[in-house]
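We name chains A, B, ... by the order of the sequence lines, and we start the count at 1 in each one. Predicted model only: the values in this text are computed from it and were never measured.
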Number of protein chains: 2
Amino acid sequence: MKREASGRAVLLRPRADAADEVQVDLGPLTDGIGYMLRRAQLASFKNFQQVFGPVGITPAQYSVLLIIELNPGLRQTQVSDALGIKRANFVGLIDVLEKRGLAQRIPAVDRRSYALHLTEQGRKFLKPLRELNDAHEAQLAAALGKDGRAALVSALTAIASMETVSGPATDDDA
Amino acid sequence: MKREASGRAVLLRPRADAADEVQVDLGPLTDGIGYMLRRAQLASFKNFQQVFGPVGITPAQYSVLLIIELNPGLRQTQVSDALGIKRANFVGLIDVLEKRGLAQRIPAVDRRSYALHLTEQGRKFLKPLRELNDAHEAQLAAALGKDGRAALVSALTAIASMETVSGPATDDDA
DNA sequence: TATTGTTATACTCTATAACTATA
DNA sequence: TATAGTTATAGAGTATAACAATA
């Protein structure tokens, strides 16, 4: 990690021609939680795309597949709520997974809703994805110290839980 | 922080009617860096919006104002590169700040470019925003332990720097 | 009346290509 | 030829409102 005299972190954006490289002082930004959270999340997302690129799965799709396998029979609202996705936007998401033959909507007793399940094909498809995700996570963890990983996840969990405190999470309470 | 028997973190989405609350097992997601990074970033962004809502400034706009004040005279490309924003998308960003009278484009010696500066009004406007950001950061830090903050920022910096390693950052090298 | 899934829609971010004026 | 800024456009992701079917 490159740092300038002040000990401040410098995020380099390498350019095709590195000759006219100019050191821009990012000031307090690189010492702030909010800004670094955004930059780290972007880097993590990019890494996910590189690792999962060949199979054509987005982070959102992967999380949905995981949840459905782990909690078979859930309604769409339950899955979308758990993942922080509006149920209106979840429709297209599950549409894609169903058209790819990975998940299916099964009519439930309450006939307004569907029970979500993975197909057999979906389960087979998901298995090797776990290893891809392990590789992705390993690359993130490699950027941290050995014990830094657990501390980071715990810190992120604490911050992520803030949303529980501050605001409502229901879909259409405006 | 609520945890279930396994010690796994549970992110609650409170609903209007909490009666039919169902515990959805998020499984390995809440133990993963990538997913928790996204959730934490969303929570942080929401907190920023709540704090900065009254003044109508987005995180991106705030970061641009900060960079320009700290490095007066930079070209648009230099600022957008430093912040990881495509120069095409930076145009609208700086347009807004200029129309609000906070920043200005000043013709440079190289007449293809502009030197970016804050206006006097922009400097006055920015001053109290620092306190807002301190409050925002304090609320994030409050979710962490006292020494957790420094460790978190250092970990996020390490992850954010991954993008330096893996991919090119130029604008149109596709 | 309230809820589930759905559609339509709009708004923001982001990404790419192509243009202009300068160099 | 290459670069700085710009425009146009397309694709995600996200947000709200309203509807039909069902409870």
Side-chain angles (χ1 to χ4, degrees), chain A residues 15-22 38-39 41-42 45-46 48-49 56-61 63-64 73-81 83-96 98 104-116 163 167-174, chain B residues 15-22 38-39 41-42 45-46 48-49 56-61 63-64 73-81 83-96 98 104-116 163 167-174:
Chain A
R15 316 200 65 238
D17 185 342
D20 65 344
E21 185 93 24
V22 176
R38 172 174 165 262
R39 296 300 292 252
Q41 204 272 321
L42 253 49
F45 190 88
K46 189 171 291 184
F48 185 100
Q49 283 180 317
I57 287 287
T58 67
Q61 290 170 341
S63 65
V64 169
L74 287 184
R75 285 174 284 123
Q76 295 185 186
T77 306
Q78 292 177 311
V79 177
S80 60
D81 266 18
L83 292 175
I85 302 171
K86 296 262 176 287
R87 74 181 193 278
N89 298 327
F90 187 80
V91 174
L93 231 175
I94 195 70
D95 275 351
V96 169
E98 194 168 35
Q104 43 182 175
R105 288 182 246 232
I106 297 182
V109 272
D110 179 344
R111 281 161 50 215
R112 290 173 299 184
S113 66
Y114 296 105
L116 296 180
E163 71 183 326
T170 41
D171 202 49
D172 36 14
D173 49 19
Chain B
R15 316 201 66 240
D17 184 342
D20 65 343
E21 186 94 24
V22 177
R38 171 175 166 260
R39 296 301 292 253
Q41 204 272 321
L42 254 49
F45 190 87
K46 190 171 291 183
F48 185 100
Q49 283 180 317
I57 286 288
T58 68
Q61 291 169 340
S63 66
V64 170
L74 286 185
R75 284 176 284 123
Q76 293 185 187
T77 306
Q78 292 176 313
V79 176
S80 60
D81 266 19
L83 292 175
I85 302 172
K86 295 261 177 289
R87 73 182 194 278
N89 298 326
F90 188 79
V91 174
L93 230 175
I94 195 70
D95 274 352
V96 169
E98 194 169 34
Q104 43 183 175
R105 288 183 245 232
I106 297 182
V109 273
D110 179 343
R111 282 159 50 214
R112 290 173 301 183
S113 67
Y114 296 104
L116 297 180
E163 72 183 325
T170 41
D171 201 51
D172 36 15
D173 50 341

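Which of C/dT7, C/dG5, D/dT14 sits closest to the side chain of A/R87 comes down to C/dG5. When distances are taken from the side chain of B/V91 to each of D/dT6, C/dG5, D/dA4, the shortest belongs to D/dT6. Checked against D/dT7, D/dA15, C/dA15, the side chain of B/A88 finds its nearest nucleotide in D/dT7.
When each of B/L116, B/I94, B/L93 is paired with B/V79, the side-chain contact (heavy atoms from CB on, under 4.5 Å) condition holds for B/L116 and for no other.
One interatomic measurement links the two molecules: NZ of B/K86 to C1' of C/dT12, which rounds to 17 Å at whole-angstrom precision. The separation between A/F45 atom CZ and D/dG13 atom P is 6 Å, rounded to whole Å. Per the geometry, CD belonging to A/Q41 stands 11 Å off P belonging to C/dT14, to the nearest Å. As a whole-Å value, the separation of A/N89 CG from C/dG5 C1' is 13 Å. Whole-Å rounding puts the B/R105 CZ to D/dG5 C1' distance at 8 Å. Note: CG (A/D81) to C1' (C/dT3) measures 12 Å, nearest angstrom. B/I85 has its CD1 atom 7 Å from the P atom of C/dT14, to the nearest Å. Per the geometry, CG belonging to B/L83 stands 15 Å off C1' belonging to C/dC13, to the nearest Å.
Contact between the side-chain N/O atoms of B/R75 and the OP1/OP2 oxygens of D/dA4 is found at a separation under 4.0 Å. In this structure, A/Q76 reaches the C/dT6 phosphate: one of its side-chain N or O atoms is under 4.0 Å from OP1 or OP2. Of the side-chain N and O atoms in A/T77, one or more sit less than 4.0 angstrom from OP1 or OP2 of C/dG5.
In terms of the side chain to side chain donor-acceptor pair (under 3.5 Å) criterion, A/R111 has no residue partners (sequence neighbours excluded). With sequence neighbours left out, B/E98 forms a side chain to side chain donor-acceptor pair (under 3.5 Å) with B/R105. Here A/A108 pairs with A/S113 under the side chain to side chain contact (heavy atoms under 4.5 Å, CB included) rule; sequence neighbours left out. Legend: residues meeting side chain to side chain contact (heavy atoms under 4.5 Å, CB included) with B/F45, ordered by chain and number and at least two apart, are B/Q41, B/Q49, B/P59.
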N/O-N/O pairs, protein side and nucleotides 20-23 of chain D side, under 3.5 Å:
{"from": "D/dT22", "atom 1": "OP1", "to": "A/R111", "atom 2": "NH2", "distance (Å)": "3.4"}
{"from": "D/dA23", "atom 1": "OP1", "to": "A/R111", "atom 2": "N", "distance (Å)": "3.1"}

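Among the protein residues, B/F90 comes within range of no part of the nucleic acid, since none of its heavy atoms lies under 4.0 Å from any strand.
Side-chain atoms of B/T58 and B/F48, non-hydrogen and from C-beta on, never get closer than 4.5 Å to each other.
Atom OH of A/Y114 has 12 or fewer neighbouring heavy atoms from other residues, nucleotides or ligands inside a 6.0 Å radius.
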